[in-house]
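Remarks on the structure that follows.
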Amino acid sequence: ALRRRVKLRKEMVKVKICGITNFHDARAAIEAGADMLGFNFYPPSPRFIEPAEVKKILESLRSEIEGRGITMVGVFVNEASPEAVADIVDKAGLDAAQLHGAESIEFCAALRQLLSGKFLIKVLRVTDTFAPSEAEKYDADAIMLDAFHREMPGGTGRVLDWAVARSARELVPRLVLAGGLSPENVAEAIAKVGPFAVDACSSLESTPGRKDGERMAAFVRAARNR
């Protein structure tokens with residue numbers, strides 16, 4: 001019965017670990033039990049990685065991830081066009097795209113068509129004036145809510161208002177919760193918001209762009225055994 005409950009929880013809330021920059025961290029995240037890995041293609045970010053390098057990492061991991069249903073996600077910020085995003089997703093061998101900039105409703109709709117069934121996540125940053133109904137406007141498979149920072153599009157470590165996230169969750173098919181989640185608070189966040197998935201980055205690092213294996217494992221355990 002216990003094993004069955006753990007399995008149900010695992011299926012209920014997915015865990016995404018973002019900002020993977022190297023093979024070692026990718027493998028450690030998978031060993032920790034992550035359902036999704038995020039690779040950042042935004043050049044100003046300390047977690048930036050070239051698409052060709054991601055392809056090499058995924059090819060090296062192929063035997064370990066085959067059949068496990070792990071989703072590999074490319075993270076984009078204000079790319080020139082939907083075609084540019086789709087091209088990188090294809091060349092890197094990814095399963096999904098995450099739009100973390102100010103991409104328009106039209107941009108999302110066009111990209112979803114180009115992705116041909118691959119997963120699309122649109123990120124909205126929660127400001128003091130954010131309305132949960134904004135989440136309904138985008139043609140995406142999931143909406144991610146992240147904390148707002150004037151200079152940084154993501155990985156800020158700031159926690160957003162979980163009550164706002166809960167309201168948004170009731171309006172969209174899948175809500176991914178980000179924004180300052182850590183092994184210390186993710187269980188409480190899941191209990192209060194009830195998201196489809198949780199996403200963490202900076203709280204799981206030893207330095208920007210380098211993951212801490214113990215922190216990643218602790219995050220997954222906390223998310224699964226709340």
Side-chain angles (χ1 to χ4, degrees), residues 6-42 45-49 53-54 56-75 92-96 98 100 119 121 123 142 144-147 152-160 162 165 175-191 193 195-226:
V6 170
K7 184 178 180 183
L8 288 174
R9 283 175 179 166
K10 180 179 178 180
E11 292 171 351
M12 197 181 302
V13 180
K14 294 188 179 294
V15 176
K16 178 172 175 285
I17 295 178
C18 205
I20 300 291
T21 63
N22 59 80
F23 171 81
H24 177 270
D25 287 353
R27 191 175 196 180
I30 290 166
E31 289 176 350
D35 302 291
M36 303 178 182
L37 270 58
F39 300 91
N40 192 325
F41 298 135
Y42 181 53
S45 171
R47 303 170 184 96
F48 172 73
I49 184 170
E53 188 62 28
V54 172
K56 288 180 188 175
I57 291 170
L58 299 188
E59 287 175 349
S60 298
L61 289 169
R62 184 173 295 162
S63 62
E64 297 178 46
I65 62 178
E66 199 163 358
R68 291 179 60 179
I70 299 170
T71 303
M72 302 299 180
V73 185
V75 179
L94 295 164
D95 309 302
Q98 176 177 314
H100 216 113
F119 207 75
I121 302 168
V123 182
M144 178 185 290
L145 296 187
D146 198 0
M152 299 170 64
T156 67
R158 293 185 176 182
V159 178
L160 57 84
W162 292 339
L175 183 96
V176 182
L177 182 64
L181 296 182
S182 68
E184 292 75 27
N185 68 10
V186 68
E188 182 184 0
I190 290 170
V193 178
F196 161 73
V198 289
D199 178 289
C201 181
S202 60
S203 75
L204 308 181
E205 293 179 327
S206 52
T207 59
R210 291 290 181 269
K211 293 292 184 275
D212 181 312
E214 292 184 5
R215 295 282 292 170
M216 288 194 292
F219 184 77
V220 175
R221 285 196 303 270
R224 298 265 160 76
N225 298 293
R226 65 189 193 281

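A donor-acceptor distance shorter than 3.5 angstrom exists from the side chain of Lys211 to the backbone of Gly19, with no hydrogens or angles considered. At distances below 3.5 Å, at least one donor-acceptor pair connects side-chain atoms of Arg215 with backbone N or O atoms of Ser203. Counting only distance, with no hydrogens or angles, the side chain of Arg47 and the backbone of Cys201 share no donor-acceptor pair below 3.5 Å. A donor-acceptor distance shorter than 3.5 angstrom exists from the side chain of Asp146 to the backbone of Gly179, with no hydrogens or angles considered.
A pairwise comparison of heavy atoms in Ala189 and Leu181 identifies CB-CD2, 3.7 Å as the closest pair. Between Ala147 and Leu160, the shortest heavy-atom contact is N-CD2, 3.7 Å. Here the shortest heavy-atom pairing between Phe219 and Ser182 reads CD1-C, 3.5 Å. Taking both residues in full, the closest heavy atoms of Val13 and Pro195 are given as CG2-O, 3.8 Å, listed atom of the first, atom of the second, then distance.
At most 12 heavy atoms of other shown residues, nucleotides or ligands fall within 6.0 angstrom of atom CD in Glu214. Within 6.0 Å of CD in Glu59 there are more than 12 heavy atoms belonging to other residues, nucleotides or ligands.
Of the candidates Lys14, Lys16, Met36, Thr71 forms a side-chain contact (heavy atoms from CB on, under 4.5 Å) with just one, namely Met36.
Residues Arg68 and Ile30 form a side-chain contact, since some pair of their non-hydrogen atoms from C-beta on lies under 4.5 Å apart. Side-chain contact between Gln98 and Val176 is absent, with no heavy atoms from C-beta onward closer than 4.5 Å. Contact check for Ile70 versus Leu37: side-chain heavy atoms found under the 4.5 Å cut-off. Here the side chains of His100 and Asn40 are not in contact, with every heavy-atom distance at 4.5 Å or above. The closest side-chain heavy-atom distance from Val220 to Asp35 is not below 4.5 Å. Residues Pro183 and Leu204 meet the side-chain proximity criterion, which asks for heavy atoms closer than 4.5 Å.
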